[in-house]
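Written below as structure tokens is the structure these notes are about.
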Amino acid sequence: MPDNKKMIITSALPYSEAIPHIGNFVGSILPADVFYRYTELAGYDSIFICGSDQHGTPIEIRALKEGVAPERLADSVHERMKEIFGKFECRFTYYGKTHSESNKKAVYEIFGALERNGYIKSVESVMPYCNIDKRFLTDRYIEGKCPYCGFEGARGDQCDNCGRLLTPGELVDPYCGLCHNKDIEFKKTMNLAIELDKLQPDILEFVKGRMGSWSKNAANKTISYLGQGLEAREITREMKWGFPVPKEGFEDKVFYVWFDAVIGYIGISMEWSDKWKDYWKNPETRLIQFMGKDNIEFHTMMWPGLLIGANLGYVLPHTIYAYEYLTAKGLKFSKSRGVGLNMENALEIADADYWRFALMYLSPENSDTDFTIALFVDIINKVMNDKIGNYVHRVLTLLKNSKLRVEDLKTDIGQMPKAIKLRESYVNNFEGFRIREALRDLVAIADLGNEMISNKKPWEIVGKDGVLPGNEENARSMLGSLVRLVYHIGMLMWPFAPEASKKILRRFGVEKPGISLLDNEIEALDLEGLEPIFTKFSEKQLKKLEKFEES
RNA sequence: AGCGAGGUAGGGUAGUCUGGAGUGCCCGCCGGGCUCAUAACCCGGAGACCGGUGGUUCAAAUCCACCCCUCGCUACCA
């Protein structure tokens with residue numbers, strides 16, 4: 001139940017190299033958005049912060065290859081992502097980006113504090129250096145022959161042929177992955193690192209106090225990592241693209257992308273509004289963070305570690321919720337391997353509401369979940385259409401035929417214990433981050449409605465042209481109850497399928513949905529131009545989809 | 001190899017923390033009902049040695065040990 005505490009909801013920042021696929025979406029931004037919409041529905045004072053993660057090697061290298069400035073490349077992808085998230089009805093309070101003045105300010109502030117407080121040290125490493133390109137090469141961008149299987153073209157991090165993890169020094173006859181010359185030498189270089197080992201006791205205390213409300217995978221993985229002991233982690237890199245390090249001797253380096261990406265939550269909020277402080281510097285605020293399971297250690301240890309070390313009064317994460325993966329035919333969705341469906345293509349198949357609903361219905365909250373078109377179509381046709389859409393439509397049609405007016409309807413929710421129970425379950429499930437279960441509760445309300453119709457047989461007392469004489473009282477309470485459930489569905493559907501929700505609520509004159517409204521009498525009823533709120537996939541579309549799945 | 005997550009009817013899941021008759025849900029299947037509705041809806045039924053083996057217990061899907069299988073992470077990707 002809502003209290004007066006503020007809430008910051010974040011999704012892991014999507015990397016702006018390419019358009020995310022639906023696996024990325026369902027694993028972070030979608031649940032964050034759905035949860036944020038729930039907090040609005042429940043009446044919390046919450047903000048939803050996200051943005052594009054723009055720094056890092058892949059973008060710099062790609063920009064180099066395409067002959068454009070990294071910033072231009074990152075910004076163009078950022079604009080496309082912003083647009084596509086908008087099309088998916090994501091309701092960010094603010095969607096920013098990491099390459100911004102405000103984020104630079106936040107990064108410098110936190111770095112400065114960490115240094116002042118004695119948590120930064122320099123570490124020496126030896127890295128391959130290309131004398132032609134005049135730059136250090138990260139593991140991915142040095143290539144050569146695999147020392148194990150002899151494969152030509154193995155990368156410094158891994159051999160694609162035998163799958164072994166490698167280090168650049170192991171490669172036989174290494175060459176630069178950019179210019180393909182062999183004029184490479186291994187040179188010493190210095191980088192800055194955050195001393196997580198020093199922060200370990202504080203991080204451990206933080207984790208112990210909070211992990212009760214984390215997802216199982218996040219909690220267990222963190223315990224396991226902490227048991228092994230944290231080590232200093234580098235926060236600077238040998239690159240041009242990023243924020244220059246403001247420290248003598250390191251000016252030619254930039255901050256490592258993970259460092260300014262997590263700080264981005266703050267930096268982006270700063271750009272949003274002066275009100276950012278009311279949330280970030282308020283010890284009561286709950287910071288709720290959604291992400292894929294690959295992001296766990298950054299959020300449970302490194303990010304809290306740097307906040308604790310900086311000691312600037314920023315709130316620490318309250319809830320960390322990490323999602324498993326959506327897979328396609330058992331394979332992890334992957335841009336590089338061409339597995340899965342990107343968000344732009346997805347909209348050619350179905351509108352945002354359908355994707356949001358179906359993806360949350362399949363949400364990989366507890367384990368990897370296999371996505372198939374057949375399953376997707378099933379959810380749309382059977383669940384959204386046959387259960388929910390059809391229920392809403394049959395009730396509204398009955399109501400229209402009955403010619404009853406809104407003030408005739410008796411809609412005493414107190415007489416509907418099952419509906420109240422489902423509504424409570426919906427709220428409890430959201431509060432416990434069991435979002436998929438909350439969605440099941442919503443579906444169960446439609447099930448309840450369909451069952452009520454069968455039991456009460458309203459067609460026996462409502463004709464095509466009004467209520468049959470002598471049945472007025474009965475019709476008023478019967479239809480009142482049925483429409484009450486439609487009202488509930490419209491309201492509780494809002495986090496999942498906002499467009500359909502709006503379509504329903506508009507008929508009841510509700511502009512801004514809220515759970516507290518569910519106890520009020522329905523005040524308006526507009527039954528003009530009734531049509532089903534969802535439509536099914538036709539046989540024709542199905543065949544098209546099957547072809548799509550083949551490729 | 002280490003670590004994390006899973007293995008429950010034909011398929012997909014919940015239940016496992018906090019042991020108590022295999023209990024629930026979705027799809028599919030079989031039978032019946034209904035006609036307000038999107039050929040939709042409702043009711044009933046069949047279908048599971050709860051991955052395996054051993055142990056603890058009056059009692060194990062649930063706790064313990066070992067084993068088998070799947071996925072993921074162990075990246076100078078974020």
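All chains are named by letter (A, B, ...) in the order of the sequence lines, taking the proteins before the strands, and each is independently numbered beginning at 1.
Across A5(B) and G20(B), the matching C1' atoms stand 28 Å from one another, rounded to whole Å. The gap from the P atom of U62(B) to that of U53(B) amounts to 12 Å, rounded to the nearest Å. To the nearest whole angstrom, the two C1' atoms, one in C26(B) and one in A9(B), are 13 Å apart. Look at the C1' atom in both C41(B) and U35(B): the space between them is 9 Å, to the nearest Å. Rounded to whole Å, the separation between the P atoms of C43(B) and C27(B) comes to 12 Å. Comparing the C1' positions of U23(B) and C42(B) gives a spacing of 23 Å, expressed to the nearest Å. The C1' atoms of A21(B) and C17(B) are separated by 22 Å, rounded to the nearest whole Å. Separating the C1' atom of G52(B) from that of A61(B) is a span of 14 Å, rounded to the nearest Å.
Among the candidates E437(A), R440(A), R436(A), R434(A), the single residue satisfying the side chain to side chain donor-acceptor pair (under 3.5 Å) test with N429(A) is R434(A).
In this entry the distance linking CD1 of I296(A) with C1' of C73(B) reads 9 Å, nearest Å. Taking atom CG of D294(A) as the reference point, atom C1' of C77(B) lies 9 Å away to the nearest angstrom. In this structure, L398(A) atom CG and U35(B) atom P are separated by 13 Å, rounded to whole Å. With rounding to whole Å, L226(A) atom CG is found 17 Å from U74(B) atom P. Summarising the geometry, the separation between CD on E297(A) and C1' on U74(B) is reported as 9 Å, rounded to the nearest angstrom. With rounding to whole Å, N385(A) atom CG is found 10 Å from C41(B) atom P. For the pair I223(A) CD1 and A5(B) C1', the interatomic distance rounds to 14 Å; values are reported in whole Å. Counting to the nearest Å, the P atom of C76(B) and the CZ atom of R135(A) are 16 Å from each other.
Residue N450(A) is classed as a sugar-phosphate contact, given heavy-atom separations below 4.0 Å to backbone atoms only. Residue G56(A) is in sugar-phosphate contact alone, with no base atom involved, counting any heavy-atom pair closer than 4.0 Å across all strands shown. Note on N390(A): a base of the nucleic acid sits closer than 4.0 angstrom, heavy atoms only. Within 4.0 Å (heavy atoms only), T57(A) reaches sugar-phosphate atoms of the nucleic acid but no base atom. Within 4.0 Å (heavy atoms only), Y391(A) reaches no atom of the nucleic acid at all. F136(A) comes within contact range of no nucleotide atom at all, as no heavy-atom separation falls under 4.0 Å. At a threshold of 4.0 angstrom between heavy atoms, the contacts of K464(A) are confined to the sugar-phosphate backbone, with no base atom among them. P458(A) comes within contact range of no nucleotide atom at all, as no heavy-atom separation falls under 4.0 Å. Among the atoms of the strands shown, none is found under 4.0 Å from any heavy atom of R440(A).
Residue R80(A) qualifies as open at atom CZ: its count of foreign heavy atoms under 6.0 Å is 12 or below. Counting heavy-atom neighbours within 6.0 Å of K187(A) NZ, excluding the residue itself, gives a total above 12.
With both pairing distances under 3.5 Å, U18(B) is matched to nothing as a Watson-Crick or G-U wobble pair. A 3.5 Å limit on both hydrogen-bonding distances identifies no Watson-Crick or G-U partner for A59(B). Both distances falling under 3.5 Å, in either a Watson-Crick or a G-U wobble arrangement, place C73(B) opposite G2(B). Of all nucleotides present, none satisfies the Watson-Crick or G-U wobble test against A37(B) with each distance under 3.5 Å. Partner assigned to G24(B) is U13(B), using Watson-Crick or G-U wobble distances below 3.5 angstrom. Under the Watson-Crick and G-U wobble criteria, each requiring two contacts below 3.5 Å, nucleotide C49(B) is left unpaired.
Set against A14(B), G72(B), C36(B), the side chain of Y325(A) has G72(B) as its closest nucleotide. Listed candidates were C43(B), C73(B), A5(B). Nearest to the side chain of E451(A) is C43(B). Of the candidates U38(B), C27(B), C73(B), the closest approach to any side-chain atom of D378(A) belongs to C27(B). You'll find that the side chain of K387(A) is closest to C26(B), out of A37(B), C26(B), C77(B). Listed nucleotides: C36(B), C41(B), A37(B). Nearest to the side chain of D386(A): C41(B). For K293(A), whose side chain is taken as the heavy atoms from C-beta onward, the closest listed nucleotide among C77(B), G4(B), A37(B) is G4(B).
Residue R436(A) places at least one side-chain N or O under 4.0 Å from the OP1 or OP2 atom of A14(B). OP1 or OP2 of A40(B) has at least one side-chain nitrogen or oxygen of K536(A) nearer than 4.0 Å. The phosphate of U38(B) has neither OP1 nor OP2 within less than 4.0 Å of any side-chain N or O from K382(A).
Remark: the Y129(A) side chain and the E185(A) side chain contain no N/O donor-acceptor pair separated by less than 3.5 Å.
Projected onto RNA chain B by closest heavy-atom contact, A261(A) and R394(A) fall at different nucleotides, the more 5' of which corresponds to R394(A). Nearer the 5' end of RNA chain B, as judged by each residue's closest nucleotide, is the contact made by Y361(A), out of Y361(A) and N401(A).
Note that R356(A) lies outside the cation-pi zone of F496(A), set by a 6.0 Å cut-off to the ring centre and a 45° limit from the axis.
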Intermediate values then yes/no, ring pair (Phe, Tyr, Trp, His ring centres under 6.0 Å), F243(A) and H55(A): CA-CA 9 Å; F243(A) 296 138; H55(A) 293 143; 4.8 Å; yes

Ring pair (Phe, Tyr, Trp, His ring centres under 6.0 Å) between F371(A) and H21(A), intermediate numbers included: CA-CA 12 Å; F371(A) 176 87; H21(A) 48 65; over 10 Å; no

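Between F290(A) and Y321(A), the ring-plane angle classifies as tilted under the 30° and 60° cut-offs.
Aromatic ring centres of F255(A) and F111(A) lie closer together than 6.0 Å.
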